[in-house]
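Each remark here refers to the structure printed beneath this line.
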Amino acid sequence: MTAKIAYDEVEVGTELPARDFPVTRATLVRYAGASGDFNPIHWNEKFAKEVGLPDVIAHGMFTMAEAIRVVTDWTGDPAAVVEYGVRFTKPVVVPNDETGALIEVSAKVAAKLDDNRVRVDLTAMSAGQKVLGMSRAVVRLA
């Protein structure tokens, strides 16, 4: 696969389509099984509160993975992402109800680089708080 977005058609400031990602306790259980990360802060409310968290929280890597989907959906090719990094700034708190939490992700092209690459800066929010800082991806476009 190759990116479906052409480098020459993208400008600094181009906004990628924003997405919202719902997260429930069931989502966390499925992710724990797939990742092998069964840390009780991700599924046991009593334990999470005992260690000082407000409630069960989403896995950081899950949050990071959901955020980059905005970029991979935009490019049409997950392999177009050549670098990706974030800082975890706040946890995504997932209440035990039918609604759970919502991760709201927006992104825009911040710089055009050489070799058909662009830097995309992402913003990930949950419950009005920025949950990822310095969230950046370098993507090779067509």
Side-chain angles (χ1 to χ4, degrees), residues 1-7 9-113 115-142:
M1 292 179 72
T2 59
K4 295 177 182 175
I5 305 294
Y7 178 83
E9 296 174 6
V10 173
E11 299 299 329
V12 170
T14 298
E15 293 187 16
L16 284 60
R19 294 232 6 230
D20 293 343
F21 300 98
V23 186
T24 64
R25 296 279 178 96
T27 308
L28 299 182
V29 169
R30 286 191 298 275
Y31 182 81
S35 69
D37 181 352
F38 294 100
N39 187 323
I41 64 172
H42 303 304
W43 57 270
N44 185 318
E45 185 173 330
K46 180 179 179 290
F47 182 85
K49 289 181 176 181
E50 285 174 354
V51 298
L53 294 168
D55 206 332
V56 165
I57 63 170
H59 302 73
M61 296 305 284
F62 172 82
T63 303
M64 187 178 176
E66 291 291 78
I68 198 64
R69 288 176 58 191
V70 168
V71 176
T72 59
D73 288 351
W74 176 66
T75 64
D77 180 11
V81 177
V82 295
E83 292 178 31
Y84 179 44
V86 305
R87 244 187 229 158
F88 300 106
T89 55
K90 298 279 185 191
V92 174
V93 179
V94 183
N96 190 19
D97 59 20
E98 295 78 32
T99 307
L102 192 65
I103 303 169
E104 303 163 276
V105 183
S106 60
K108 67 179 177 180
V109 175
K112 290 187 83 168
L113 310 170
D115 197 26
N116 283 16
R117 297 174 309 138
V118 297
R119 189 186 90 218
V120 176
D121 291 353
L122 297 96
T123 301
M125 306 283 292
S126 185
Q129 296 189 340
K130 195 172 185 180
V131 295
L132 299 177
M134 300 292 292
S135 184
R136 296 179 173 169
V138 174
V139 183
R140 181 166 288 114
L141 301 177

(message) With a 4.5 Å cut-off on side-chain heavy atoms, are L122 and L132 touching?
(response) no

(message) Could you report the tightest heavy-atom contact between A107 and V70, atom names first, then the distance?
(response) CB-CG1, 4.0 Å

(message) Quick check for you: to the nearest 0.5 Å, what is the distance between L16 atom CG and I5 atom CD1?
(response) 8.0 Å

(message) Using the side chain to side chain contact (heavy atoms under 4.5 Å, CB included) criterion, which residues pair with R30? Sequence neighbours excluded.
(response) A26, T27

(message) Tell me if a side-chain donor or acceptor on D115 pairs with a main-chain N or O of R117 at a distance below 3.5 Å.
(response) no

(message) Using every non-hydrogen atom in the two residues, find where K112 and V12 come nearest and quote the distance to one decimal.
(response) N-CG2, 3.9 Å

(request) Taking the side chain as every heavy atom from C-beta outward, state whether E11 and V109 have any pair of such atoms under 4.5 Å apart. (result) no

(message) Ignoring hydrogens, what is the shortest heavy-atom contact between A110 and D121? Give both atom names and the distance.
(response) CB-OD2, 3.3 Å

(message) Rounded to the nearest 0.5 Å, what separates atom CD1 in I103 from atom CE in M125?
(response) 12.5 Å

(request) Just grab all the side chain to side chain donor-acceptor pair (under 3.5 Å) pairs involving residues 84-110, residues at least two apart or on different chains. (result) none

(message) Using every non-hydrogen atom in the two residues, find where V86 and S135 come nearest and quote the distance to one decimal.
(response) CG1-OG, 3.3 Å

(message) Give me each pair satisfying side chain to side chain donor-acceptor pair (under 3.5 Å) with a member in residues 58-80, each pair once, sequence neighbours excluded.
(response) R19-D73, E66-R69

(message) Let me confirm one number: the CG-CZ distance from N44 to R25, rounded to the nearest 0.5 Å.
(response) 9.0 Å

(message) Which heavy atom of L102 sits nearest to which heavy atom of S126, and what is that distance?
(response) O-OG, 2.9 Å

(message) Taking the side chain as everything from C-beta on, heavy atoms only, tell me whether F62 gets closer than 4.5 Å to D37.
(response) no

(request) Starting at CZ of R119, measure out to CD of E83 and round the result to the nearest 0.5 Å. (result) 10.5 Å

(request) Locate the shortest heavy-atom distance separating V94 from V23; write the atom from each residue and the value. (result) CG1-O, 3.6 Å

